[in-house]
There are 2 protein chains.
Amino acid sequence: MKHLLPNDLVSKKGRYTIFSCLSSEELEELELVQTTQVYKKGQPVFQENTQSAALFYVNQGFVKVTKLGSNGKEQILRIAKTDDLVGYRSVISGSRYKSSAIAIEDSVITLIPKAFFLKLLQNNPVFYSKVTIMLCETLDRTETKITDIAYKPVRGRIAEALLLLNDLLDEKEHITLTREDLAGLVGTVKETAIRIISEFKHDKLIEIHKRSIKVVNEKGLEKVSSLYN
Amino acid sequence: MKHLLPNDLVSKKGRYTIFSCLSSEELEELELVQTTQVYKKGQPVFQENTQSAALFYVNQGFVKVTKLGSNGKEQILRIAKTDDLVGYRSVISGSRYKSSAIAIEDSVITLIPKAFFLKLLQNNPVFYSKVTIMLCETLDRTETKITDIAYKPVRGRIAEALLLLNDLLDEKEHITLTREDLAGLVGTVKETAIRIISEFKHDKLIEIHKRSIKVVNEKGLEKVSSLYN
DNA sequence: CGAAGTGTTGATGATATTCAAGTAATGTGG
DNA sequence: CCACATTACTTGAATATCATCAACACTTCG
């Protein structure tokens, strides 16, 4: 359990943070009301269908945002990384969480109470505007994901997901999704994901060390990703 | 080509409209800058990847919001009806349209210039808040659609779509999507959609008159929709 | 009336899921 | 730190689901 000073939030080694537009008073208050703690790998941050009381800022680590499919399978909607907000949407619309969030690695996460966030939105137009644009961008990506899942074969979706995960990572960062999570990310089952990964390995598009997948032929994967037959 | 008075926008036979919170000055200005016209069935309202200069308010009729899949097939993201806004998202984020909008019936649509909309957002917090909540709700529905397409078989998705279209309609309203559009809505092809519709007809879940589909056993369709095998 | 668009059905094959049976890696308590 | 349990990964075979191609009927509309 570790409390970060607001300054840490603002000046994170050159990273853009959504809080950079807060006044020093707002930052001070943020420090008072926030709670920062470590979530162990696999630990839920919030659960689908529970009432939203707070949103979360990912300080360090990775969080999968998931939704339960009608068959009980877990669809991963997106993966939140350092400097991302999760759970803010339900706070804005005052509803229950429409998805779950689970740490996929040991992660440092800051809880921000609902009331403070809403006050920020009301009083800080720049912040409000940033949040709105974030919403628009998330919606764009989500809509793109729909057409992908609807029309792109699993093979292409896996290739795309591997590239996407690759881009998510700065320098020496590293996530290893389980094969099951990777499957959940593209909307297929574990076994199919594994088979396709084996093919990619055979085709020298990726390398596998231990369990972790390393992209070695980005162009090749891009080609597979844009193929539709 | 017909110009509606702002009053018409506000007091539409008991329907909620997003403009109900505008001041009379704002409504007056809206009247000056808007252009209302009839779009014939099949006529595009705006096109994916073109620069956004305006958003659109559906006064009457239905508009499909679509996105091109990587294989050139058209995915329908949602169907906008009377009192819905389309294209506002790209206006907010100042980007190109991320989707196309096409009238699926003769429709009366009001064009609202970008600058006026942005000014409204800035000056009318209630309006801004309504738009933000609309964004959140759209995102919810879009995410649900992802898990549906990912894990629900086509059969269930068609059942769901038919129910959804049914709910969209008040009283005596009526849309007839082509089988191809219905397929595009659930992410399949025309032939598969037709086959499943035939089964539903055979099972007395729906009736078909001319080309139009009428739900006659809502419970039954709900059951099919929630079945995953 | 003819042409274009829409709807329909059958046959076939590709793609992906399911079930089953393991192996490999990781974590935990003694 | 080892033994054992648990979790993750892998592969094969059988099957289900869905897309594609092709041919044709029906509607609508200029």
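Residue numbering restarts at 1 for every chain, and letters A, B, ... go by the order of the sequence lines.
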Could you tell me the separation between the [atom1] atom of [X] and the [atom2] atom of [N], rounded to a whole number of Å?
X	N	atom1	atom2	result
B:Y151	C:dA16	OH	P	14 Å
B:R157	D:dA19	CZ	P	8 Å
B:K201	C:dG7	NZ	C1'	11 Å
A:D181	D:dT7	CG	C1'	13 Å
B:K152	D:dC18	NZ	P	13 Å
B:L177	C:dG5	CG	P	19 Å
A:K41	C:dG27	NZ	C1'	11 Å
A:I208	C:dA25	CD1	P	12 Å

Task: Touch class at under 4.0 angstrom, heavy-atom based, for A:K73 against every strand present - done: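 Touches sugar-phosphate only.
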Scan side-chain atoms only and decide if [X] and [Y] contain a donor-acceptor pair under the 3.5 Å cut-off.
X	Y	value
A:Q34	A:T36	yes
B:K152	B:S225	yes
B:Y57	B:D83	yes

Task: Under 3.5 Å donor-acceptor, A:K98 side chain and A:S90 backbone - done: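 Checking the backbone N and O of A:S90 against the side chain of A:K98, no donor-acceptor pair under 3.5 Å is found.
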TODO: Indicate yes or no: at least one non-hydrogen side-chain atom of B:L182 is less than 4.5 angstrom from one of B:L162.
DONE: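 Answer yes - side chains close enough.
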Task: Closest-nucleotide ordering on DNA chain D, the 5'-leading residue of A:A150 and A:E180 - done: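 Residue closer to the 5' terminus by nearest nucleotide: A:E180.
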- [ ] Using a strict 4.0 Å threshold on nitrogen-to-oxygen distance, state whether A:D106 and A:K40 make a salt bridge.
- [x]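 Between A:K40 and A:D106 there is a salt bridge, with a charged N closer than 4.0 Å to a carboxylate O.
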Open item on the list: Salt bridge or not between A:E160 and A:K145? Use side-chain N to carboxylate O under 4.0 Å.
Closed with: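 Judged by the 4.0 Å cut-off on N to carboxylate O distance, A:E160 and A:K145 do not form a salt bridge.
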Between N or O atoms, less than 3.5 Å apart, protein on one side and nucleotides 25-30 of chain D on the other: list the pairs.
unit_1, atom_1, unit_2, atom_2, d
D:dT27, O4', B:R211, NH2, 3.3

Open item on the list: Counting only heavy atoms and a strict 4.0 angstrom limit, can you tell me which residues of residues 182-199 of chain B come near DNA chain C?
Closed with: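 Those residues whose heavy atoms fall under 4.0 Å from DNA chain C, taken from residues 182-199 of chain B in numerical order, are B:E191, B:I194, B:R195, B:S198.
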TODO: Please round to the nearest 0.5 Å and tell me the distance separating atom OG1 of A:T144 and atom CD1 of A:I149.
DONE: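 One gets 11.5 Å once the value is rounded to the nearest 0.5 Å.
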Task: For B:F56, ring-ring contact (aromatic ring centres under 6.0 Å, His included) partners two or more places apart - done: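 Listed in chain order: B:F46.
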